[in-house]
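Working notes, structure below.
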Number of protein chains: 2
Amino acid sequence: MVEKRSKSERTRERILDAAAVVFGGQGYLARLVDIAEPAGIQTGSLYYHFKNRDDLVREVLRLGVDTTWAHVRSEVDALPSSASSIDRLRAAIRAHAMAVLVVSPYAWARARIAGQAPAAIGAEHRAHHARYGDYIGSLVHDAHSDGHLRAEVDPYVATMLVLGALSWTTEWFDANGTIPAGDVADHAVRMTLDGIAQPPA
Amino acid sequence: MVEKRSKSERTRERILDAAAVVFGGQGYLARLVDIAEPAGIQTGSLYYHFKNRDDLVREVLRLGVDTTWAHVRSEVDALPSSASSIDRLRAAIRAHAMAVLVVSPYAWARARIAGQAPAAIGAEHRAHHARYGDYIGSLVHDAHSDGHLRAEVDPYVATMLVLGALSWTTEWFDANGTIPAGDVADHAVRMTLDGIAQPPA
DNA sequence: GTCTATATGACGATAGAC
DNA sequence: GTCTATCGTCATATAGAC
């Protein structure tokens, strides 16, 4: 029992987990009591751990970026050094899809409430998120420079369209449905890189 | 001045326009006073035109589907009868992109609050939206049947990924920026059908 | 049709007991 | 650390004036 996280830290984590699910489902204006209840505490007790609603939202948004980024980077870095820039991009797209679909409820919540937060929080978050966007953008850029992408592709627009297709899966993907998340991720990779059209023979 | 819409109809339209913007920005739980104000009326006056918040939400969701669908269908139907199934799909993707980007704030609002509405409204809306999804799905299916798409493409997943990439443009596209909406739409069509990868020579 | 005024009830946040 | 109690604020919806 050595090294166990403090009671406070464990409660804080339960609150954040609940907040990710509830904010993701109901939006930024979700009621705090709906977060406190699944976390197993009373509404008033939230204020021992967080200053107010926006403090809680800020943390969920930050974790949304960080958990996704950590997952994507670990997958990309796990590739052998012989991997090409297009291999790395492929791995990143798949990892991002999996992060949003199944790995992190924070990524899911982030996708759905980032645009709803008040201006101050939104700006702070966008600055943080942009650093991750730059990371993905650099992978697209490298593949572009190496001639793996069509010359006329605009790396910025392509990056945004790819991340958009993946973020949007939160709106229709049913985790309890019949389509495995891995299939969606594979489809996203394939569609992004090769398109869905049958190439001329 | 003949045939002018009644005062009531014009006010109702101002309310709906404001509701689309506010619900789209703040989410389903946005305050009604924030809708009444830009519509130029008092909060209480909303209730002459709509039964309650959910009645208003329901109408915004419906218009989100209908305005997009009408725009897409008119573009597809404008094609010459000699157009192939892949031509029709291409036109639909482009028209959907333009509807979301510049034609209809309702399409934007719909995308962002559909997942937040209470179960009853959500179910009703999903049934309505599914009919539009079926329309797009039929275009994908026809192209698939005609051998224009790779055999292994799942028409449903592909449809959702395409619509997602387009819907998400609302999160990053800047109508006052340097990138024309038409360019984004063209990029989306190209990426969807042909991918961004350079095909093997 | 739209306004003002209001009842009713919720929610966020604080203070103090334990 | 968490609870209970409570204050102040705000939003929804209604009623009746104009």
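Numbered from 1 within each chain, the chains take letters A, B, ... in sequence-line order. Reckoned from all heavy atoms, side chains included, excluding hydrogens, waters and symmetry mates.
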Find the distance [X]:[atom1] to [N]:[atom2] and express it as a whole number of Å.
X: Glu37(B); N: dC3(C); atom1: CD; atom2: P; answer: 12 Å
X: Arg53(B); N: dA10(C); atom1: CZ; atom2: P; answer: 15 Å
X: Gln42(A); N: dC18(C); atom1: CD; atom2: C1'; answer: 15 Å
X: Leu46(A); N: dT4(D); atom1: CG; atom2: P; answer: 14 Å
X: Tyr28(B); N: dT12(D); atom1: OH; atom2: P; answer: 10 Å
X: Asp55(B); N: dA13(D); atom1: CG; atom2: C1'; answer: 13 Å
X: Phe50(B); N: dT14(D); atom1: CZ; atom2: C1'; answer: 18 Å
X: Lys51(B); N: dA13(D); atom1: NZ; atom2: P; answer: 9 Å

Picking from [options], which would you name as closest to the side chain of [X]?
X: Tyr47(B); options: dG1(D), dC3(D), dT14(D); value: dT14(D)
X: Asn52(A); options: dT12(D), dA13(C), dG1(D); value: dA13(C)
X: Arg31(B); options: dT2(C), dT2(D), dC10(D); value: dC10(D)
X: Ile41(A); options: dT4(C), dC3(D), dG1(C); value: dC3(D)
X: Ser45(A); options: dC3(D), dT4(C), dG1(C); value: dC3(D)
X: Lys7(B); options: dC11(C), dA13(C), dT2(C); value: dT2(C)
X: Leu32(A); options: dA13(C), dC3(C), dC11(C); value: dA13(C)
X: Tyr48(B); options: dG1(C), dA13(C), dT4(C); value: dG1(C)

- Message: Looking only at side-chain N and O atoms, does His148(A) offer a donor or acceptor that is under 3.5 Å from a partner on Asp142(A)?
- Response: no
- Does any N or O in the side chain of Gln116(B) come within less than 3.5 Å of the main-chain N or O of Tyr28(B), such that one atom is a donor and the other an acceptor? yes
- Query: Name the one of Ile93(B), Leu89(B), Asp134(B) that satisfies side-chain contact (heavy atoms from CB on, under 4.5 Å) with Leu139(B)?
  - Reply: Leu89(B)
- Item | Quiz item: cation-pi between Arg12(A) and Tyr48(A), 6.0 Å / 45° | no
- Message: On DNA chain C, does the nearest nucleotide to Gly40(B) precede the nearest nucleotide to Leu29(A) from the 5' side, or the other way round? Give the residue.
- Response: Gly40(B)
- Is it true that Glu59(A) and Arg62(A) make a salt bridge, defined as a side-chain N closer than 4.0 Å to a carboxylate O? yes
- Message: Counting only side-chain nitrogens and oxygens, does Thr11(A) get under 4.0 Å of the OP1 or OP2 atom of dT2(D)?
- Response: yes
